[in-house]
Amino acid sequence: MNEIGEKLNKLKKEKNAIILAHIYQLPEIHDIADFVGDSLELSIKATQTDTDVIVFCGVHFMAETASILSPNKKVLIPDAQAGCPMADMITAEQLKNWKAEYKNPVVVAYVNTSAAIKAESDICCTSSNAVNVVKSIASGKNLRNLDILFVPDRNLGSYVQKTSGIKMNMWNGFCPTHNNFILPEYVLKIKEEHPSAEVLVHPECRPEVVSLADHVMSTGVMCRYVQKNFVKDFIIGTETGILYKLSKDNSDKNFYPVTNLAQCPNMKKITLTKVLDVLVNMKNIVSVPDDIRQKAYPPIYKMLQIASQG
Ligand code: 13P
Ligand code: SF4
């Protein structure tokens with residue numbers, strides 16, 4: 001173990017801290033994290049840990065969700081500027097105005113949203129449980145009387161609508177990394193180069209990309225699927241940070257990114273030195289005002305009651 005790794009281990013014990021990391025983090029972060037997972041797995045882990053401190057290596061909405069779920073813990077984010085541009089594509093004001101246009105709006109908020117948006121929502125979802133969450137709204141209710149409003153990701157929304165057969169109204173947000181860089185022409189080209197490979201893509205990709213895939217999965221479900229599958233070659237349509245984990249956990253398999261351009265600049269803001277810095281100085285504490293937290297908690301809790309798809 002290197003010097004920073006040893007220092008971090010000592011500090012974790014002293015401060016009673018755990019380090020959680022999203023799958024898109026840099027390899028150096030994967031290597032020191034206590035747990036690496038997708039956004040649903042990380043939310044669940046945040047509720048299960050009994051440490052006083054959570055160092056959250058991911059983007060701001062993820063750390064904020066951990067803080068909403070565990071208000072008595074100190075949640076630290078190694079770079080306070082690590083945001084999610086898709087989460088910023090809708091404000092609470094815009095959501096309130098959109099809801100006002102409908103008689104019986106039911107808001108499904110992708111977890112990639114601010115606490116203020118969650119506070120205005122009925123239920124949250126992540127990419128791994130979105131279909132089940134939307135189906136749960138439908139069960140036992142007359143859908144003709146409801147208007148499901150899905151925020152903010154139009155691509156995840158259209159995937160859920162197609163898969164569940166449930167009509168929804170979509171906000172026009174998107175993830176710049178998935179939407180702008182993972183393009184159908186790249187998928188077609190790499191499929192030509194590796195015709196026997198299975199194509200796995202994230203539902204934040206454009207519908208034209210999703211329609212070329214063999215499977216559409218969250219990052220965590222993708223990692224589990226690859227491990228239990230006998231196929232040797234996979235084409236991967238998501239942020240390239242996942243390749244480190246896939247290759248580390250499956251040394252006998254080959255992974256081909258649709259494009260190396262699919263990198264989330266915000267995820268990559270977190271470095272080892274910043275992790276060390278926040279733990280030494282107990283800084284960048286993520287907290288949510290109590291009135292917002294109280295309203296944002298039930299939609300997240302409802303989501304956690306619904307099983308993941310994978
Ligand atoms: P996951 O739910 O797969 O972790 O995705 C989160 C995310 O931000 C994808 O861009
Ligand atoms: Fe947000 Fe996209 Fe980055 Fe995920 S990959 S955190 S959705 S910008």
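Counting convention: from 1, in listed order, for ligands and their atoms alike.
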Any nitrogen or oxygen of [X] lying under 3.5 Å from a nitrogen or oxygen in ligand 1? Just yes or no.
X	value
Ser39	yes
Ser128	no
Ser127	yes

Protein contact of [atom] - nearest heavy atom, named by residue and atom, plus distance:
atom	value
atom 2 (Fe) of ligand 2	Cys175 SG, 2.3 Å
atom 1 (Fe) of ligand 2	Cys84 SG, 2.4 Å
atom 3 (Fe) of ligand 2	Cys264 SG, 2.4 Å
atom 5 (O) of ligand 1	His202 NE2, 3.3 Å
atom 9 (C) of ligand 1	Glu204 OE2, 3.0 Å
atom 6 (S) of ligand 2	Val59 CG2, 3.7 Å

Would Asn266 count as a contact residue for ligand 2, given that I'm defining contact as a non-hydrogen atom of the residue lying under 4.0 Å from a ligand atom?
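In this structure, Asn266 fails to qualify as a contact of ligand 2 - no heavy atom is under 4.0 Å.
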May I ask you to identify, for Asn112, whether its side chain, its backbone, both or neither come under 4.0 Å of ligand 1 on a heavy-atom basis?
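Only the side chain of Asn112 comes within reach of ligand 1.
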Would you say that more than 12 heavy atoms from the other residues, nucleotides or ligands in this model lie under 6.0 Å from the CD of Glu193, or not?
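Counting neighbours around CD of Glu193, more than 12 heavy atoms of other residues, nucleotides or ligands fall under 6.0 Å, so yes.
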Within 6.0 angstrom of Tyr102 OH, more than 12 heavy atoms from elsewhere:
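Yes, the 6.0 Å shell around OH holds more than 12 heavy atoms from other groups.
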Starting at NZ of Lys12, measure out to CG of Leu279 and round the result to the nearest 0.5 Å.
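Those atoms lie 9.0 Å apart.
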Taking atom CD1 of Ile19 and atom OG1 of Thr49, what is their separation to the nearest 0.5 Å?
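Result: 11.5 Å between the selected atoms.
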Checking Asp147 against Lys103 for the salt bridge (Lys or Arg N to Asp or Glu O under 4.0 Å) test, could you report, in this order, the C-alpha distance in whole Å, the side-chain angles of both residues, the deciding distance, and whether it holds?
CA-CA 8 Å; Asp147 294 296; Lys103 212 163 132 219; over 6 Å; no
Answer with yes or no whether the side chains of Asn132 and Lys135 bring together a donor and an acceptor at under 3.5 Å.
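Per modelled atom types, Lys135 and Asn132 side chains form no pair under 3.5 Å.
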Under a 3.5 Å cutoff, is there a donor and acceptor pairing between the side chains of Asp290 and Gln294?
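Indeed, the side chains of Asp290 and Gln294 share at least one donor-acceptor pair under 3.5 Å.
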Closest to atom 8 (S) of ligand 2 (judged by heavy-atom distance), picking from Gly58, Ala82, Gly173, Pro85:
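The nearest heavy atom belongs to Pro85.
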Proximity flag His22 to ligand 1, non-hydrogen atoms under 4.0 Å
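In this structure, His22 qualifies as a contact of ligand 1 - some heavy atom is under 4.0 Å.
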So for His178, does at least one of its heavy atoms come nearer than 4.0 angstrom to any atom of ligand 1?
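His178 counts as a contact of ligand 1 under the 4.0 Å cut-off.
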Checking side-chain hydrogen bond (donor to acceptor under 3.5 Å, both in side chains) against Tyr24, which of Thr240, Thr219, Thr238 comes through?
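Filter result, single survivor: Thr238.
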Which ligand 2 atoms does [X] reach within 4.0 Å, using its non-hydrogen atoms?
X	answer
Glu204	2 (Fe), 7 (S)
Asn112	7 (S)
Met86	7 (S)

